[in-house]
Colleague: 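Attaching a single structure in structure tokens format; questions to follow.
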Amino acid sequence: MLTTLGAARRHADLLVRSGTVVTPEGSVEADIACVDGRIVSLDARGWSASEVVEADGLHVLPGVIDTQVHFREPGLEHKENLEAGTRGAVLGGVTAVFEMPNTRPTTLHRADLERKIAAASGRAWCDVAFYIGGSSVNAGELGHLETLPGCAGVKVFMGSSFGDLLADDDAVLRQILAHGRRRVAVHAEDEARLRERRPIVEASGDVRDHGRWRDVDSAINATRRMVGMAAETGRPLHILHVSTAEEMAFLASHRNRVTVEVLPHHLTLCAPECYERLGTLAQMNPPVRDARHREALWRALREGTVDVLGSDHAPHTLEEKSRPYPQSPSGMPGVQTLLPVMLDHVSRGRLSLRRLVELTSAAPARVFGMAGKGSIAVGYDADLTLVDLKATREITNRWIASVCGWTPYDGMRVTGWPLATIVRGHVVMHEDVVLGHPMGQPVRFGRA
Ligand code: DOR
């Protein structure tokens, strides 16, 4: 119907002209016409339009979706807020984000979710969905909570990271898995082992021991436990920020039930060099590990064990980060640098542009059952990220919109840069400048 309507009018609200459009079929030269926030034609040569974006020499990607960000609102706005977080997102070419529940208060109940949706209205520059935290206090209600509009699903912290959300007990985890049907996103670090090993870093005070404290067994033990429980209950899982070779080998044999996320941080930074250069700025959970693990993540990505790239944007202020380790909080910002850093990997031949698009658009939409997103297709939301694969730029703290004001990649030169971000037909970023007003809406999900 949309096509017919568009063809009759041959006038678009927005025309993205002469770009190399990355579709599931491959890259094609095409003009994209958008009406009422949706794509109505990929064959729009000769159409008139109220607004035209010239994409000559640029690649037009489906809007980048980041399914793991911490925007800290409510309660921790000195680190980040929904306006600045989403502004960073669109400056980095991201058109939709899923926000995490370890805010203050934590997102556990309907009212918490609705408060976040209301806070994003008129302030979010891209579309947003919010996770509900899975915990002993709300386990029985999760089947209902996960179906609420704007809910990305359930997130479980098996190990303490930042904030008060924790579900480390098998009985509670089983209860969480038993209530609901959607894919459960999991931070898999084993709390008992983390407690047992904490004295290592209390004694050394050395951030280079971060990966010794939160070691491979902390990660693989938790991942094994959770995958085992999910098999018992028949629940699909999404294991967030997988950081070890051992987990990748294990997860490769559980692909029927489990989807896998990796982060640009774990693919780009490497221990011990990152801790020597960046100190506690490189401290995150699970930790950035050594070259053996980094190589295994790249191999898993190339071999198809990895589904999704997320940023785990987790800002803390420089003042907080400068506390003596291990009192320094874990987490690094990343929503704004996800695409530039990964495009640089593309330019170095480490993955193809097509695979990157799969990891940042099509797969997040498929894994989480998003409606109308993840592909450049007639009838889909007009979410588009225009990139110049040849542009070489420097990532700097000055460019970062986050309230925290820093990035671990300050001073890094990258090849490949987002030149424009379009959210449901609105051009919200062009050449590093944010345009218009924040018109982000809650992400819609299909129902199985
Ligand atoms: O390093 C981390 N920081 N990992 C997490 O899982 C949480 C995050 C945060 O919220 O700061």
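When a ligand or atom number is given, it counts from 1 through the structure's own listing order.
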Colleague: Hey, which atoms in ligand 1 end up nearer than 4.0 Å to a heavy atom of Ala314?
Modeller: 3 (N), 8 (C), 9 (C), 11 (O)
Colleague: Give the ring-plane orientation class for Trp399 versus Trp417, where under 30° counts as parallel, over 60° as perpendicular and anything between as tilted.
Modeller: tilted
Colleague: Is it true that Glu202 and Arg198 make a salt bridge, defined as a side-chain N closer than 4.0 Å to a carboxylate O?
Modeller: yes
Colleague: List ligand 1 atoms under 4.0 Å from His316, heavy atoms only on the residue side.
Modeller: 11 (O)
Colleague: Check Met100 against ligand 1 and report side chain, backbone, both or neither, counting heavy atoms closer than 4.0 Å.
Modeller: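 No part of Met100 comes within reach of ligand 1.
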Colleague: Which residue and non-hydrogen atom of the protein lie closest to atom 4 (N) of ligand 1, and at what distance in Å?
Modeller: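 Nearest protein contact, heavy atoms only, for atom 4 (N) of ligand 1 is Asn285 O, 2.8 Å.
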Colleague: My understanding is that we take every heavy atom of each candidate and find the minimum distance to atom 11 (O) of ligand 1. Doing that for Arg72, Arg214, Lys79, which one comes out nearest?
Modeller: Arg72
Colleague: Step through the shown structure and confirm whether more than 12 heavy atoms of other residues, nucleotides or ligands are within 6.0 Å of CZ on Arg208.
Modeller: no
Colleague: Does an N or O from Asn102, backbone or side chain, lie closer than 3.5 Å to an N or O of ligand 1?
Modeller: yes
Colleague: To check you understand the geometry: which heavy-atom pair defines the closest contact between Ala219 and Arg289, and what is its length?
Modeller: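 Of all heavy-atom pairs spanning Ala219 and Arg289, the closest is CB-NH2, 4.1 Å.
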Colleague: Here's one to test your reading of the geometry: is the NZ or CZ of Arg182 within 45 degrees of the ring axis of Phe445 and under 6.0 Å from its centre?
Modeller: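 Because its charged atom sits under 6.0 Å from the ring centre and within 45° of the axis, Arg182 does stack over Phe445.
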Colleague: Quick check on contacts: which atoms of ligand 1 are under 4.0 angstrom from a heavy atom of Met284?
Modeller: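 Within the 4.0 Å cut-off of Met284, ligand 1 contributes 1 (O).
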Colleague: Output yes when the distance from some N or O of ligand 1 to some N or O of Ser330 is under 3.5 Å, and no in every other case.
Modeller: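 Among all N and O atoms of Ser330, at least one is under 3.5 Å from an N or O of ligand 1.
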